[in-house]
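Before we start, here is the structure in question, set down as structure tokens.
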Amino acid sequence: YLWPCLLFVWASFCWTSYLAWRQRKVYKESGTVPPELEGVIKQDVFDKSRYYQLDKSTYSLAHSLYKQVEFLLFIVLGVLPFVWNISGYILSYTGYNNEVLQSVVFVQLFLLYSEVTAIPWSVYHVFVLEEKHGFNKQTADFFIKDHIKSFVLQYILVSLLTGGLIFVIKWGGEYFYVYAWLFVFAVSMIFVMTYHDFIAPLFDKYTPLPDGELRTAIETLAVSLKFPLTKLQVVEGSVRSAHSNAYFYGFGSNKVIVLFDTLLQDDMKPKTEEKEKTKNKNKTENKEDENETENKEDENETENKEDENETENKEDGNETENKEDGIQKEKVEEEVSMSEEKDEAKKTKGCSIDEILAVLAHELGHWKYSHNIKNITIAEINFFLSFFMFGYFMNQQDMFDSFGFNDSRPIIIGLIIVFELIFTPYNFVFSFIMTQICRMYEYHADEFAQSLKRGPALGSALTKLVTDNLSFPIADPLYSAFNHTHPTLLERIRKLKEKQ
């Protein structure tokens, strides 16, 4: 079992790396904006996007190679049985010794190791790569707190899920795969229903979209489509990243639309108390500066009148000082002008109301065609089949022997071997099929938006999103087929034009 499994894993890695190399070649060789996008994307934005994607591909290749070598060493050097024995040793001090608890300790040790070894990669990604290209908005303090909260939450949830799943499999007997599937299904549904209300607010701030033209337009769109909208929220993603997005969630008649604040223009965003205080403070400071300037001007006028009665030499000195004051004043005016230009750029960044409505029309197209329900159904069928096939391998002692577990068959180890190694070819094919289905759904959602006469606005919005997120509009066809659940901008604009 060992060597065929390693062959599967490395074959998959080599294929993925080959596809990444093909896409990297596109980044390097595509030096100019495609003719179809001329006038839509500026050359400087195109170049920035290309350099950003090149840096991301370098990071991705290095990280994936590291994880691949790490996984190989874990298997070959017998790390799995070593950590399993350590888990039993730790558990022996508590006075409890059973497979369920040992499995939980085993998973916790690997979670701790994964978190520690992932920190350098995360730091580089956020504070070097994303910072270099202007996307990082996190401070060191925010980053540390975010990771601590994430780790603690993951530690608790994964431990509970692991213990519950191992218990159900042991208790389920001959038809354990039915109960295991029901358990995973129940947990996933509970997670989906509670995530945005209880977990997401731990990491991001959600604020109701303020009353105004945008809110009215969205509510009108929802009513016209009979979309059961109950809440309209804005997530403060700008404290984390400059990337933007929009989505909806909820079951039945309880649907919530969430907009990233980076998607909105400044005058559409909720005014938080902190932002209002800063704004008022800046206004006060500006007024004080204006008053100081006026007082200085009055003083200068008085001084000039007194200096008229003095000697010519003093007059010449005053003229020189006045020239210097004039130069200084010009510099201040230039700085104010530059500041106003920056403020104007901030206001225009983000999507217009028509563009936001077009993006939401696309998202509501997913709801109209039940794409999310279909994806959940496919995923649950896949889980059921996987647990059913796992039942065959669970009792194969020679499989466990191949990985250093002589005379024992820990369920958690069997799950790792089967789902992560033996199922590699199956997972590869399933992932490809799901990617193609998701791409088809994206085209369907675009067509739905176009049927609402929002095709041109959607094209404009997609262009802005690509520009703001520095997404590259060109992709290698083979790479895209295996990796892009969303077609590229060029592919989507072509389709939109075909349907006009």
Side-chain angles (χ1 to χ4, degrees), residues 52-53 55-71 74 79 83 86-87 90 104-163 191-192 194-207 233-245 247 249 258-264 269-279 281 346 349 468-470:
Y52 176 51
Q53 297 300 332
D55 285 347
K56 280 181 64 178
S57 69
T58 301
Y59 170 84
S60 179
L61 177 61
H63 186 249
S64 59
L65 181 60
Y66 162 77
K67 296 299 291 183
Q68 190 72 10
V69 172
E70 178 189 58
F71 187 72
F74 275 14
V79 174
V83 176
I86 291 293
S87 303
I90 294 173
V104 171
V105 175
F106 174 83
V107 169
Q108 288 175 340
L109 290 175
F110 269 108
L111 281 176
L112 183 61
Y113 168 82
S114 298
E115 180 65 21
V116 172
T117 56
I119 289 175
W121 292 96
S122 297
V123 169
Y124 180 86
H125 181 264
V126 172
F127 294 104
V128 178
L129 198 157
E130 294 290 294
E131 184 79 29
K132 176 182 176 182
H133 295 279
F135 286 115
N136 176 45
K137 303 299 177 183
Q138 298 184 48
T139 61
D141 183 57
F142 181 91
F143 178 84
I144 292 170
K145 289 180 180 177
D146 201 52
H147 267 257
I148 291 174
K149 287 188 289 186
S150 177
F151 174 71
V152 171
L153 187 64
Q154 184 184 32
Y155 202 76
I156 294 171
L157 294 180
V158 173
S159 297
L160 292 173
L161 178 61
T162 300
F191 181 78
V192 169
T194 60
Y195 174 80
H196 285 90
D197 291 326
F198 300 101
I199 298 176
L202 297 175
F203 299 92
D204 296 300
K205 184 176 181 180
Y206 291 80
T207 309
Q233 295 183 324
V234 178
V235 57
E236 197 174 333
S238 56
V239 299
R240 185 186 302 275
S241 171
H243 294 293
S244 52
N245 199 1
Y247 63 92
Y249 69 91
V258 178
L259 306 173
F260 278 57
D261 62 346
T262 47
L263 184 70
L264 309 178
K269 297 177 183 177
K271 303 296 187 292
T272 61
E273 291 183 7
E274 189 175 339
K275 288 180 180 177
E276 283 295 310
K277 286 179 181 178
T278 304
K279 190 176 180 182
K281 185 180 178 182
K346 284 182 180 178
K349 192 165 185 178
D468 292 346
N469 294 328
L470 292 185

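Positions are given from 1, in the same order as the sequence printed here. Heavy-atom basis, side chains included; hydrogens, waters and symmetry copies ignored.
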Sorted by chain and residue number, the ring pair (Phe, Tyr, Trp, His ring centres under 6.0 Å) partners of Phe191 (sequence neighbours excluded) come out as Tyr195
The ring pair (Phe, Tyr, Trp, His ring centres under 6.0 Å) partners of Phe71 (sequence neighbours excluded) come to none
Rounded to the nearest 0.5 Å, the NE2 atom of His133 sits from the CG atom of Asn469 at a distance of 14.0 Å
Sequence neighbours excluded, the answer for side-chain hydrogen bond (donor to acceptor under 3.5 Å, both in side chains) partners of Asp204 is Arg240
For Val104, the side-chain contact (heavy atoms from CB on, under 4.5 Å) test, sequence neighbours excluded, returns Gln108, Ser159
What one should report as the nearest heavy-atom pair of Ser87 and Phe106 is OG-CA, 3.2 Å
With sequence neighbours left out, the residues meeting ring pair (Phe, Tyr, Trp, His ring centres under 6.0 Å) with Phe142 are none
To the nearest 0.5 Å, atom OH of Tyr155 lies from atom CG of Leu160 at 12.0 Å
Scanning both residues in full, the closest heavy-atom pair of Leu263 with Asn245 reads CD2-O, 3.8 Å
Value for CG (Leu129) from NZ (Lys56), rounded to nearest 0.5 Å, stands at 8.0 Å
Here the gap from Leu111 atom CG to Thr162 atom OG1, rounded to the nearest 0.5 Å, amounts to 7.5 Å
Sorted by chain and residue number, the side-chain hydrogen bond (donor to acceptor under 3.5 Å, both in side chains) partners of Ser57 (sequence neighbours excluded) come out as Arg24
Across all chains, not counting sequence neighbours, the ring pair (Phe, Tyr, Trp, His ring centres under 6.0 Å) partners of His125 are Tyr59
By side-chain hydrogen bond (donor to acceptor under 3.5 Å, both in side chains), His147 pairs with (sequence neighbours left out) Glu115
Which donor-acceptor pairs under 3.5 Å do side chains of residues 116-124 form with protein atoms, sequence neighbours excluded?
residue : atom : partner : partner atom : Å
Thr117  : OG1  : Tyr113  : O            : 2.9
Thr117  : OG1  : Ser114  : O            : 3.2
Ser122  : OG   : Ala118  : O            : 3.1

Item to complete: Take the angle between the ring planes of Phe127 and Phe143 and call it parallel below 30°, perpendicular above 60°, tilted in between.
Response: perpendicular
Output for pair (Leu109 CG, Ile86 CD1), nearest 0.5 Å, gives 8.0 Å
Practice task
Report the C-alpha separation of Thr262 and Asp468 in whole Å, then their side-chain angles, then the decisive distance to 0.1 Å, and conclude whether the side-chain contact (heavy atoms from CB on, under 4.5 Å) test is met.
Solution key: CA-CA 9 Å; Thr262 47; Asp468 292 346; over 6 Å; no
Rounding to 0.5 Å, atoms CD (Gln68) and NE2 (His63) come to a distance of 12.0 Å
Taken in chain and number order and not counting sequence neighbours, the residues that satisfy salt bridge (Lys or Arg N to Asp or Glu O under 4.0 Å) with Lys149 are none
Sorted by chain and residue number, the salt bridge (Lys or Arg N to Asp or Glu O under 4.0 Å) partners of Asp197 (sequence neighbours excluded) come out as none
Practice prompt. May I ask you to decide if Asp146's main-chain N or O and Ser150's side chain share a donor-acceptor pair within less than 3.5 Å?
Written response: no
With sequence neighbours left out, the residues meeting side-chain hydrogen bond (donor to acceptor under 3.5 Å, both in side chains) with Glu130 are Tyr52, His243
